[in-house]
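Each remark here refers to the structure printed beneath this line.
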Amino acid sequence: MYTLYGSDHSGSAAIEMALIRCGVEYCVVKASSWEKNTAEEALSRLNPLVQIPTLILPDGSVLTESAAIMIFLGLEYPDAGILSTNASVRSQQLRGLIYIVTNCYASIGMIDYPERWLGSNQKASLKALAEGATHKLYQQWETFSDIFHASAAWCPQAPGGLEMLACVVTRWSAARDYLRTARADFYASLLEIDHYPLINHVVQNHWPSTCSGQQ
């Protein structure tokens, strides 16, 4: 049994998709740094950064970081399709997973919590940082589209770990609203991923008002 610490609308949605794809038993514990409850206290003991997703493996060990969890599941369950069995394709999927967490995640953190970077409560400075990070995030998604969308690593018809993570992270900071016109083909492929039955099930649980991912 896997135990997934996560919250609605969060990156834990991508890990739920992967766990379902792997066909393993798991339970979800609702916890996050913004939900003050006993589960949040337990999460802080497991992961001092109090970040989600945090996954407890059947042997009791703790795994954090979205890309690391996705890669672990892909390697642990090679027949699940989280990662390709083709080494060349898999290398680019790994590249894409790390791209999202090192680039897009960082920008989203600045957008949501600019005070953590500035150490200041000056509204003008916080606004300027958030606006700059938003512009940077949109550029990062454009670059992601340019690199991966037309590659063998991107397969919206049979989504794996890369598509699952992108499906979730593009929902934040109005990225999809931007991509609808900036990278229309990539945006259309995200909608195709959304409607894949397994993914649609998780999307509806986390974002019940929409299956297209508009935020």
Side-chain angles (χ1 to χ4, degrees), residues 1-7 9-29 31-32 43 46-109 137 140-141 143-145 147-172 175 186 189-190 193-194 196 198-199 201-203 206:
M1 171 74 77
Y2 290 86
T3 300
L4 175 62
Y5 283 78
S7 183
H9 310 156
S10 76
S12 65
I15 305 306
E16 284 187 61
M17 296 170 188
L19 289 168
I20 294 171
R21 185 68 173 268
C22 291
V24 299
E25 292 187 6
Y26 73 96
C27 65
V28 177
V29 178
S32 68
L43 174 61
L46 295 166
N47 183 353
L49 295 178
V50 200
Q51 292 178 340
I52 53 174
T54 291
L55 185 68
I56 312 305
L57 307 188
D59 66 1
S61 56
V62 179
L63 188 55
T64 66
E65 316 309 325
S66 297
I69 296 172
M70 198 68 79
I71 293 167
F72 166 80
L73 292 173
L75 297 176
E76 188 74 0
Y77 303 95
D79 295 332
I82 303 300
L83 295 174
S84 175
T85 56
N86 179 289
S88 178
V89 174
R90 185 170 62 248
S91 70
Q92 295 308 300
Q93 292 171 333
L94 297 177
R95 178 189 180 190
L97 287 168
I98 300 303
Y99 179 101
I100 292 173
V101 297
T102 56
N103 293 290
C104 303
Y105 262 58
S107 294
I108 292 164
L137 174 65
Q140 289 163 338
W141 278 122
T143 301
F144 180 93
S145 173
I147 294 172
F148 297 104
H149 175 244
S151 76
W154 187 254
C155 187
Q157 300 86 5
L162 181 59
E163 293 83 8
M164 292 171 185
L165 191 60
C167 161
V168 170
V169 181
T170 53
R171 287 180 149 75
W172 304 335
F186 176 54
S189 74
L190 290 170
I193 293 165
D194 286 348
Y196 190 82
L198 178 161
I199 290 176
H201 170 74
V202 178
V203 167
H206 280 259

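The model shown is predicted, which means the values in this text are computed figures rather than measured ones.
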Where is the tightest heavy-atom contact between Gly96 and Phe144, given as atom of each residue plus distance?
O-CE1, 4.0 Å

Would you mind reporting whether Ser12 and Val28 have side-chain heavy atoms less than 4.5 Å apart?
no

For Val203 and Cys167, work out which heavy atoms get closest and say how close.
CG2-SG, 4.3 Å

Do Pro78 and Leu83 touch side chain to side chain, with heavy atoms closer than 4.5 Å?
no

Hey, what do you get for CG (Leu97) to CD1 (Ile69), rounding to the nearest 0.5 Å?
11.5 Å

Value for CD (Gln140) from CD1 (Ile108), rounded to nearest 0.5 Å, stands at 8.5 Å

Counterpart residues, side-chain hydrogen bond (donor to acceptor under 3.5 Å, both in side chains), relative to Tyr99 (two or more places apart):
none

Are side-chain N/O atoms of Ser61 and Asp59 paired as donor and acceptor at under 3.5 Å?
yes

Which heavy atom of Trp172 sits nearest a heavy atom of Gly11, and at what distance?
CZ2-N, 3.4 Å

From Asp194 CG over to Arg171 CZ, what is the distance, rounded to the nearest 0.5 angstrom?
4.0 Å

For Ile20 against His201, the heavy-atom pair lying closest together:
CD1-CD2, 4.1 Å

Are more than 12 heavy atoms, taken from residues, nucleotides or ligands other than Glu25, located less than 6.0 Å from that residue's CD atom?
no

Taking the side chain from Glu163 and the backbone from Gly160, do they hold a donor-acceptor pair closer than 3.5 Å?
yes

List in chain and number order the residues that pass side-chain hydrogen bond (donor to acceptor under 3.5 Å, both in side chains) with His206, two or more places apart in sequence or in another chain; answer none if no residue qualifies.
Glu16

Tell me, do Thr143 and Phe148 make a side-chain contact under 4.5 Å, heavy atoms counted?
no

Tell me yes or no: between the side chains of Gln93 and Arg90, is some donor less than 3.5 Å from an acceptor?
no

Evaluate the criterion side chain to side chain contact (heavy atoms under 4.5 Å, CB included) for residue pair Asn103 and Trp141; output intermediate values, then yes/no.
CA-CA 9 Å; Asn103 293 290; Trp141 278 122; over 6 Å; no

Over all heavy atoms of both residues, which pair between Leu165 and Ser66 is shortest? Give the atoms and the distance, please.
CD1-CB, 4.1 Å

With side chains defined as the heavy atoms from C-beta onward, is the minimum distance between Leu55 and Tyr26 less than 4.5 Å?
no

Asn47-Thr54 side chain donor-acceptor pair, cut-off 3.5 Å
yes

Could you tell me whether the side chain of Val168 reaches within less than 4.5 Å of the side chain of Met17, counting heavy atoms only?
yes

Search all heavy atoms of Ser88 against all heavy atoms of Asn86 and return the closest pair with its distance.
N-OD1, 3.0 Å

What distance do Ile15 atom CD1 and Leu4 atom CG have between them, rounded to the nearest 0.5 Å?
7.0 Å

Enter the distance from Arg21:CZ to Tyr196:OH here, rounded to the nearest 0.5 Å.
4.5 Å

How long is the straight-line distance from CG of Leu75 back to CD1 of Ile82, given to the nearest 0.5 Å?
11.0 Å

Between Arg95 and Ile147, is a side chain to side chain contact (heavy atoms under 4.5 Å, CB included) present by the stated rule, with each step listed?
CA-CA 10 Å; Arg95 178 189 180 190; Ile147 294 172; 3.7 Å; yes

Residue list, side chain to side chain contact (heavy atoms under 4.5 Å, CB included) with Leu46, at least two apart or on another chain
Tyr5, Ile56, Val62

Give me the ring orientation class for Phe186 and Trp154: parallel if the planes are under 30° apart, tilted from 30 to 60°, perpendicular past 60°.
tilted

